[in-house]
Amino acid sequence: MYTTSIAIQILPDVSDLKKVCSIVDAVIAYIASTGCHYEVGPFETVVEGDFDTLMAILKRCQEIPIEQGAPSTKAYVKIFHNPAGVLTINEKIDKYREKD
């Protein structure tokens, strides 16, 4: 059971589109390395887990762009926390996925 889900959109302050994509890829690779369940979307990445873990992930997602050469970064974040549990990504969108 997940108690928290967050949606993270990272916008590094870099004008070169290839560099922006490279930085965002590094952030997503980090998220993947955490072992948390996540899904990448066209505007944001959704991650599920417990509150403290996700807050640590969110903090790290702010640090990576700076380490990758961005002078600053913006993040747009949505947080849903419920100690009794939250609907998972799959519960929210499986009905909209194409079936093979």
*side-chain hydrogen bond (donor to acceptor under 3.5 Å, both in side chains) partners for T4, two or more places apart*: H81
*side-chain hydrogen bond (donor to acceptor under 3.5 Å, both in side chains) against T88, all qualifying residues, sequence neighbours excluded*: E91
_Which residues end up grouped with V86 if you chain together Ile, Leu, Val, Met, Phe, Trp and Tyr wherever their side-chain heavy atoms are less than 4.5 Å apart?_
Y2, F80
*By the rule that ILVMFWY residues connect when side-chain heavy atoms come within less than 4.5 angstrom, directly or transitively, which residues belong alongside L11?*
Y76
*asked:* To the nearest 0.5 Å, what is the distance between OG1 on T73 and CD1 on I66?
replied: 6.0 Å
*What distance separates L58 CG from I6 CD1, expressed to the nearest 0.5 Å?*
5.0 Å
Return each pair, listed once, that meets salt bridge (charged side-chain N to carboxylate O under 4.0 Å, His left out) where at least one residue sits in [range]; pairs must be two or more places apart or across chains.
{"range": "residues 28-43", "value": "E39-R97"}
{"range": "residues 67-83", "value": "E44-K78, R60-E67"}
{"range": "residues 1-12", "value": "none"}

*Under 4.5 Å between side-chain heavy atoms, hopping through other hydrophobics if needed: is there a path connecting V46 to I93?*
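Yes, V46 connects to I93 through the hydrophobic network.
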*Report yes or no: do I8 and V40 belong to one cluster of Ile/Leu/Val/Met/Phe/Trp/Tyr joined by side chain heavy-atom distances under 4.5 Å?*
yes
*Taking C-beta and beyond as the side chain, do C61 and I31 meet within less than 4.5 Å on heavy atoms?*
yes
*asked:* If the condition is side-chain contact (heavy atoms from CB on, under 4.5 Å), which residues does D52 pass it with, not counting sequence neighbours?
replied: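 Only D50 meet the side-chain contact (heavy atoms from CB on, under 4.5 Å) criterion with D52.
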*Can you list the residues that meet the side-chain contact (heavy atoms from CB on, under 4.5 Å) rule with A75, with sequence neighbours excluded?*
I10, Q62, V77
*What pairs of residues pass the side chain to side chain donor-acceptor pair (under 3.5 Å) test when at least one of them lies in residues 25-38, not counting sequence neighbours?*
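Output for this query lists H37-E48.
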Acceptor/donor pairs from residues 12-19 side chains to any protein atom, 3.5 angstrom cut, sequence neighbours excluded:
unit_1, atom_1, unit_2, atom_2, d
D13, OD2, S72, OG, 3.2
D16, OD2, K19, N, 3.4
K19, NZ, Q68, O, 2.7

